[in-house]
Amino acid sequence: MVTPYAPYRDGIATYSVQEVRQRQINGENIEVLSPLPSAAHHHLALGGLRGVLALIKRSHKYKKMVIQFYPELLFGRSRGRTERYLTWKALRVLCARLPVEIRVHEINYGLFKKNFIERRAARKALKSAEAVYVHTQAETIELTQQLGLRAGLVKLFTHGEFFNQAADLTQDQARKDLDLPADEHIFLCIGFVQEHKGFDQAVRAFNDLNTDQAKLYIVGSTRVDAPELIQYSNKLQSLVDSTDNCVYKSQYVSDYEFDAWIIAADTVLVPYREIWSSGVLERAKLYGKKVIASDVGGLGDQADESTALYTEYPGLVKAMKLCLPHVSDQKVSKAEATSFDLVEAQNTIRERAKSRKQSQNIHTNSKQHRPVSDLENLPTLKRPEPVSPSRSKSKIKSFVYRLINWQIDPVEKHVGLLQNSTETAVQKLQDRIKTLEDKS
Amino acid sequence: MSSKAQTIAFIPPRYGKEIVGGAEAVIAEAAHGLAMRGYNVEVLTTCAKDHYTWANEYPAGVEQDGKVTVRRFPVELDTPGIEREAIGGKILGGQVVPIEEQQRWANDSLRCSSLWHYVSQNGHNYRSFIFAPYMFWTTYAVSQIFPRKSIVMPCMHDEPEAYLDIFQPVINGAGGIWFLTEPEAELAGRIFDIPSRNSIVGAAVDIPESYNPESFIKKFSIKTPYLYYAGRREWGKGWQDLVEAFGQIISENPRCNLSLVTSGVGDIECAPHIRQRIIDVGFLSEEDRNNAMAGALAYVQPSARESFSRTVLEAWLAGTPVIANGMSEVVKWHVQRSQAGFCYNNIAEMVESILLLTQQSGAAAKLAEPGRKYVLDNYQWSQVLDRMEASLEQWMPLLKLMPVSQTAGVANV
């Protein structure tokens, strides 16, 4: 089996681990080859023509090969047209050498639209495979149509076929383990944080629910340090910060914790903007959880009776509302709550803030003064992200952000430089003082 | 079926009588101790002996070590380690390293896919797995196959690697954590969201019936008072600091007839006039090591990265004072509690600590006096095994008997 593999953490690796385990337990003799060193039996730098040629070289050792296909596995992150074309050709040669089962998790149709020659090469490669599997009916139709494959070549393979429960907990135990409220409705978005997963839409929808008897948890982390991912994560954090009862747990969790979160939740949200199929949805089904999912890609086919599908944003809000039986009562109570004495509340807040400040000062003064630590603890000046739970406010903020960017940007950079230089200067000064003290 | 009949497995990266390492020694003692108490104990480990080369030196397969069954699996040695070095440099430099790079770092060293797959297929036949130390692939990768069955003994120090995201699920998601000391538990509490199923089980040292320092002195022809260091002679263990301090002492005090005796593994690189005063006695038997401890003027622990420091306790047991690196929270904690040694914060302080013991007759014996009682009161195996047993029974549910069709065939190894 050619696949990313544990201990790497991604959906396809987790998927393959479960399949390999079950097949080995069933007595099949499977060896795993992964693109990076891992727990797989072999590893090989795939991602390009050379990678597939190396697979061809090894093909005589095996009776059959299963490729857990997604574009990056065979083509790498940035390959030119010619190499992609030759890689498809090589894949076809590989398929001629031994029976190859291609399990398609993702494919980039955009490239085929731009490049007829590559489309033809891909079609021929897939045609020569022993079997091509996808996880949903929608994908079957799309792959067949887009590549002009004969009907019946692309088959269905249930996404959760080999899925096992990683955690054996009750909801109460899971909530206790994760330190979550015992009696509130919990909505959950979980997985690596990427814009196409639409977790921001879930936050907006939760804000529109206007409820204080539910919580939304977003659990996940950015897998790589790509600027666009960091930026999205920051944006999501700002959005969460300005939304009551919403928590962003920027965490890298184990399979066990992942499942524990699903068990702890009442409703799992899959608000993806685009996706082929979803492992999260399958894992939620495994535990019989209510799911609200966008009707994109193959999610509609994955959905069962416990999944509510929506096509447009208002549908998400509506589906979430339906999960809360007393939402109308809550709205009333919230409206009533707005009539309390604002001035008094503001005074209470100020008083509390004052005492907090004092206790911090005492705490600092009681310790040896450490200017470098203080400086290090000073957060870097960063402009707030121009986001708001309300779309119209977001637009206005974005407009203002862009409007004053030319003035604010140099100031922000300059302050950053000043902060760094100050830290360095104080550190040097401290080192010198220490040297002098040691000498004396 | 009795709860003890269900197999528990220890999973260290290396295992064997010749292995030098505190965590490995604790694992071996705990495995044998629990086996003696009636548990069905296995050790699942690699064929490696050397933690630098990870070369497969032991044969793969099953062997019996007393009551403990040892299953060895070959290590994969197929990466050049270039990524590990490059990313490791960033980690040590305090840079923020993305998760993908952290994963590459962890996988570009010792890996053992056959061990991983063995546990993946056969894990349901085991009641619990016990892993140590946290930083090795065997813990990082294998403990996450059945996290709820995994007890991790982190053996953690305050080091940059401990702060990596990839270790968060290893610790936070474990079925239980066994700490060796309170400072280690406190450190882990600062870095991780440690599960409630955690216990300071501690570790212990064997108590020799008697010591015979003269036999050691005679055997290795040692003619002068000596400082003793046992363990790996490597940068991470502070060995170079010890050599530097020792060099200063003999350079500045020509009349000082002190030697430095060392056992264990690692090169000794220093100026010839210092080298001739360093006596490398190689790998010692337990008896010789105990005698070496008893005969020393002082035992030096120069490592800042200790999670338990077994040798320090062995020195106290032998009536020898300890001169230790105060940067190690754990050793400092031991010294403060026992009052049987000096802690230094820089090389000058190490030099002065050693000189004080050489210059004041009887100072060493007086300093060492409370050490033995401290060890006997706190670090005996019976107490440690009681704590381990209690947490195993409390945290690890008994296996449900599986139908035959769902159980995997147990592999040859």
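Below, chain A is the first sequence line, B the second, and so on; all start at residue 1.
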Asks: Any idea which of B:His117, B:Arg104, B:Glu76 has the most non-hydrogen atom pairs under 4.5 angstrom with chain A?
Replies: B:His117

Asks: Is B:Lys149 close enough and on-axis enough to B:Phe146, meaning under 6.0 Å and within 45°, for cation-pi?
Replies: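 Yes, a cation-pi geometry.
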
Asks: Can you say whether A:Ala40 sits under 4.5 Å from chain B via the side chain, the backbone, both, or neither, judging by heavy atoms?
Replies: backbone

Asks: Which atoms of A:His43 are under 4.5 Å from chain B, going by heavy atoms: the side chain, the backbone, both sets, or neither?
Replies: side chain

Asks: Could you tell me which portion of A:Ile30 (side chain, backbone, both or neither) has an atom closer than 4.5 angstrom to a non-hydrogen atom of chain B?
Replies: neither

Asks: Pick one of side chain, backbone, both or neither for A:Asp177, based on which atoms fall under 4.5 Å of a heavy atom in chain B.
Replies: side chain

Asks: Can you name the closest pair of heavy atoms from B:Arg127 and B:Met396 and give their distance?
Replies: NH2-O, 2.9 Å

Asks: Is the closest side-chain donor-acceptor distance between A:Thr3 and A:Ser16 under 3.5 Å?
Replies: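 A:Thr3 vs A:Ser16: donor-acceptor pair found between side chains.
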
Asks: Evaluate the salt bridge (Lys or Arg N to Asp or Glu O under 4.0 Å) criterion for residues B:Glu101 and B:Lys90: first the C-alpha distance (whole Å), next the side-chain angles of each, then the deciding distance (0.1 Å), finally the verdict.
Replies: CA-CA 10 Å; B:Glu101 282 189 29; B:Lys90 285 190 198 175; 2.9 Å; yes

Asks: Check each atom of B:Ile145 against the heavy atoms of chain A and say whether the ones under 4.5 Å are side chain, backbone, both or neither.
Replies: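 For B:Ile145, the contact with chain A is made by backbone and side chain together.
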
Asks: Do A:Asp259 and A:Arg283 sit within salt-bridge range, that is, some charged N less than 4.0 Å from a carboxylate O?
Replies: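 Yes.
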
Asks: Given a strict heavy-atom distance threshold of 4.5 Å, which part of B:Ser120 is in contact with chain A: side chain, backbone, both, or neither?
Replies: both

Asks: Can you tell me which portion of B:Asp78 sits under 4.5 Å from chain A's heavy atoms? Options are side chain, backbone, both or neither.
Replies: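 Looking at B:Asp78, backbone and side chain both touch chain A.
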
Asks: I'd like to verify something: which residue of A:Val20, A:Asp10, A:Leu36 has the highest number of heavy-atom pairs under 4.5 Å with chain B?
Replies: A:Leu36

Asks: Considering only heavy atoms, which portion of B:Arg197 lies under 4.5 Å from any heavy atom of chain A: side chain, backbone, both, or neither?
Replies: side chain

Asks: I would like to know whether B:Thr79 and B:Asp108 meet side chain to side chain donor-acceptor pair (under 3.5 Å); could you show each step before the answer?
Replies: CA-CA 6 Å; B:Thr79 59; B:Asp108 191 12; 2.7 Å; yes

Asks: Is NZ or CZ of A:Arg9 both nearer than 6.0 Å to the six-membered ring centre of A:Tyr252 and within 45° of the ring axis?
Replies: yes

